[in-house]
Number of protein chains: 4
Amino acid sequence: MPLPQEFHDIAKRVNNWGRWGADDEIGTLNLITRQVVREAAGSVRSGRRIPLALPLRQDGVQTGVIPGRVNPLHTMTAINQEIFGPGTVATSDDAVTMGLQAATHWDGLAHVSHSGRLYNNRPAGSVTAHGGATALGVEKATPIVSRGVLLDVARVHNAEGLPGGHAVTPEDLDAAEELAGTTVRAGDIVLVRTGQMRHYLVGDRQGYAFPSPGLSLRTPEWFHARDVAAVANDTLTFEIFPPEIENLWMPVHALHLVEMGMLQGQNWNLEELSAACAEEGRFAFFLSAVAEPFVGGSGAPVAPVAIL
Amino acid sequence: MPLPQEFHDIAKRVNNWGRWGADDEIGTLNLITRQVVREAAGSVRSGRRIPLALPLRQDGVQTGVIPGRVNPLHTMTAINQEIFGPGTVATSDDAVTMGLQAATHWDGLAHVSHSGRLYNNRPAGSVTAHGGATALGVEKATPIVSRGVLLDVARVHNAEGLPGGHAVTPEDLDAAEELAGTTVRAGDIVLVRTGQMRHYLVGDRQGYAFPSPGLSLRTPEWFHARDVAAVANDTLTFEIFPPEIENLWMPVHALHLVEMGMLQGQNWNLEELSAACAEEGRFAFFLSAVAEPFVGGSGAPVAPVAIL
Amino acid sequence: MPLPQEFHDIAKRVNNWGRWGADDEIGTLNLITRQVVREAAGSVRSGRRIPLALPLRQDGVQTGVIPGRVNPLHTMTAINQEIFGPGTVATSDDAVTMGLQAATHWDGLAHVSHSGRLYNNRPAGSVTAHGGATALGVEKATPIVSRGVLLDVARVHNAEGLPGGHAVTPEDLDAAEELAGTTVRAGDIVLVRTGQMRHYLVGDRQGYAFPSPGLSLRTPEWFHARDVAAVANDTLTFEIFPPEIENLWMPVHALHLVEMGMLQGQNWNLEELSAACAEEGRFAFFLSAVAEPFVGGSGAPVAPVAIL
Amino acid sequence: MPLPQEFHDIAKRVNNWGRWGADDEIGTLNLITRQVVREAAGSVRSGRRIPLALPLRQDGVQTGVIPGRVNPLHTMTAINQEIFGPGTVATSDDAVTMGLQAATHWDGLAHVSHSGRLYNNRPAGSVTAHGGATALGVEKATPIVSRGVLLDVARVHNAEGLPGGHAVTPEDLDAAEELAGTTVRAGDIVLVRTGQMRHYLVGDRQGYAFPSPGLSLRTPEWFHARDVAAVANDTLTFEIFPPEIENLWMPVHALHLVEMGMLQGQNWNLEELSAACAEEGRFAFFLSAVAEPFVGGSGAPVAPVAIL
């Protein structure tokens, strides 16, 4: 079905086209100023590092439902090869084939279009087979480093994980912000934990994929109001499945990526982080999550680290 | 030729086998303690972020000389596809095939063996076609975040870049440390700039590959004495080509990876960082360089960021 | 479990090591002489061509159970690109990643070893990560063209397909040969139809994979007695699953590939051929099934055609 | 520059749109009737088999000039792996990434469009990132088997190979047909030998690529008049480089693929075939050259065999 009026109304309210100039290709990453980064560094207290990427492996989160988004096929191209003759130093080398968005990743601004347009009014046709995303490619993103805030919605609900189909609402975010004991501010990167990752971590890929909690159509305004720089969660598609509004698919993608110009992350493992934040009694930290700079990429793998 | 006595003498002096236990798989990354990370965060002053990764593209640094280490082949698997019907949100998706060590990367501890052994006395045979590096895989590495120090050897020599074949000596490192105005300490990550990257940046892949400056066989002791956590430079192979000692190939790989258990980085673009450090008058910074966690990887792409 | 005595007894009886010289790398393909090819051409009567390869697609026969044997990931690298400027001729181009044995393929002689040996007493260690099969690579195979004979065992049993676990016996082959109305002779390529492919053709990949009929441990002697050049069937692994003798896995692979030096084909679609042969009342034909010559390949995709 | 009038005049004369119905997707392959195949089988005299495919290897014919058309990257995914436990049968397995048109291949009918159209008036837009060639895909091709005729233009010119830039003319084809001692007829597959392959065979990839002899803009009418089913040659791009008419690029592609609906082959190794034909004193033979059936492929690897 065509996008409903409700979508267009929200779109108008969160739209950032032109805000950073007609040529802008990084959207809300503009909100990460030097001052934001300096202050983010001040969030480091214990020096504890928590990795947020899933290991890259052939039995990763993809089930084959999204064509082309293949789990990593890792192969050795050399094993202990004595290149320079017997008795010399030996090397092993490897190669990989994978979907850029197969595992823990950022959706780039070229990942989604609607009504023929990408973020900042770029034509959808600027994505080509030959060059990939010739505009808004993920390699344009500035190094993604800022203060991170974990909005632990699963913990707010006192649940191991939210049920499939659960819509994380602005009210959920408010409650999680209160639990976090900090106010989300301009340039922050917000990590929303639903607990959905628990399914994959016990080996249930189907259960991880569907049904899934996700972010309500109403949350982009919440992020917009606070001028958040980026948002990531712990689900396969970021969105609610089955969808919040029947037949309205991927509305949050369209609002974040196309209207706001805000990168969003998927398949982030927030379980260890959740435990660590609860243990340390604070949910804000330094976050480094630099996208692998694939030229023309509509998305990119990332190995994020939270530093408490 | 077999490894010469000189090599074995140095090997004995820098060897870390057993230092962190018989089961250790991360080597000198053990030196990055919480305190080191906390202090590293204190290096952030201006909040300026400098990306150190080369863009990932098909005309990358590889020339075909190292079989299997192929430049990234980036392809679109979907372009503005309206998955859920006409008029709905449209998505673009992509896939890649690449050598894990094709671009800006970390050599993992399983990348090199000599005399049948990997770091910490692991058998070379633990690297297999089926499982990759079943020991010492790059996914074992803890998130690589620490204080970074740029040792700008090219700048010390007042050169745009060191000439091919130039051996960076411990004396060069001393001079660069003095220029840096800081003392390299335990847990630091050292970035050695030779300026070799300038060749690639003007499109000369052959000139970048060969001949090349690199680190002298005598430098691992320098790093060992200071308990450095990791070292990266701006060359294709890290080593001097043609080699410092005739027919002694890749001795520094063997010392760093096998004897010390120290990850080393290659193809790091240190040009912008060099200019920024000179401008700000300081060469120490916060460095985040988390390896993409490929299970069984003998190396991994990385998108490092220096934060001044 | 170690290979049982029964296996070793049969192995001794079918062994071809040294038969075509100590350096031979093609085994029973030596049986395809010029005279055999000439006579095969005489099998063409109607001129009807039947393709035997499955279409190469991402939803192919692989289910993920065999790591690395990935279904084809086909991507476009250019779409209607006007390379030489607007209004000029436009080109589309594509790339693929796939397991060489993912779809309709030949197992090469380097695909299997036992007791440390490949065919003709070559060391198993001649297969390396860097060079692949440095001996017995599939590129060594001469062009595989000969008379083909369909042994339609499913039809003999008057079944759409043999049940999972069914062992095709020498007696089954005798009966199918009688149905075929021809005597299998030296240099022939035998296609054994079990009907298992029907599961995949209706979209049931799991049912196709397991349980599966296959060739009994007793059939290699049948092929050996007739000096068959190669054998293919319409199953995922060629073998019976669950196995004919408990814990004896892939014995027929070991006998065909290692002992006899005989290539075997898997995932051949024999359904249309079966119907055509029945219709024309003859089960012998000209068969062209040239392996794609991957250097160092342990197997290769093939697009066979039967010409009646 | 836009396509010149000369091109459009020829296009009109050779156009086959609608000839085999509005839905036709195989073009001149329709000319290969059962009778043609039967008669082709009669061309087998000696039973000698000549393979025409280049070995598939990483140092193949591609030089990196055509983005995405990468030489095969062949990797082992398992090496002598004893899947079912120590002492059992061990298997080796492999995977590949390659451009479908990287080595010896057929251009499919979806490979080229001009003026927004593919063969038989299909819209160029039917080629998509998600599905590849949704019309005219190479998997639609019937098994390519027919009489082959070698037109040995290099031999006519008494040259090891034609010089770069040489335009093979209709007169050249007439002379080669006379040398062949047979008349090219409907349904034949013509192989045009320029001798250009000699450069690659001695390791000179650049010399093979450019400059190159190729087929004159005037030859499609020659093939059209004789109702040839397909044409292949021994060059990288099939066309003359530098082009016959300044700034008119790939006109023969457009005439063969778009106007005539005739597959064309590239990178066919005709050297051994040339010697064998001269030796046997005949240049017609049975040719089997079945395209690997990649669904949505704009082209496909092929391992052709000529049988004399």
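Convention: sequence-line order gives letters A, B, ...; per-chain numbering from 1.
Within the 4.5 angstrom heavy-atom criterion, only side-chain atoms of A:His74, from C-beta onward, approach chain B. Neither the backbone nor the side chain of A:Thr104 has a heavy atom closer than 4.5 Å to any heavy atom of chain B. Heavy atoms closer than 4.5 Å to chain B are found in both the backbone and the side chain of A:Ser113. For a residue to count as touching a neighbouring chain, one of its non-hydrogen atoms must lie under 4.5 Å from one of that chain's; by this rule A:Glu139 does not touch chain B. With a 4.5 angstrom heavy-atom cutoff, A:Leu100 touches chain B via backbone and side-chain atoms both. Contact annotation for A:Phe286: only side-chain heavy atoms (C-beta onward) come within less than 4.5 Å of a heavy atom of chain B. Proximity to chain B (any heavy atom under 4.5 Å) is restricted, for A:Val44, to the side chain, taken from C-beta onward. Residue A:Leu308: no heavy atom, backbone or side chain, is found under 4.5 Å from chain B. For a residue to count as touching a neighbouring chain, one of its non-hydrogen atoms must lie under 4.5 Å from one of that chain's; by this rule B:Val127 touches chain A with backbone and side chain alike. Heavy-atom distances place both the backbone and the side chain of A:Ala129 under 4.5 Å from chain B. Heavy atoms closer than 4.5 Å to chain B are found in the backbone of A:Ala291, but not in its side chain.
Heavy-atom pairs under 4.5 Å with chain A were tallied for B:Ala53, B:Gly299, B:Gly296; the largest tally goes to B:Gly296.
Using modelled atom types, one finds no donor on one side chain facing an acceptor on the other under 3.5 Å when comparing B:Ser298 with A:Ser92.
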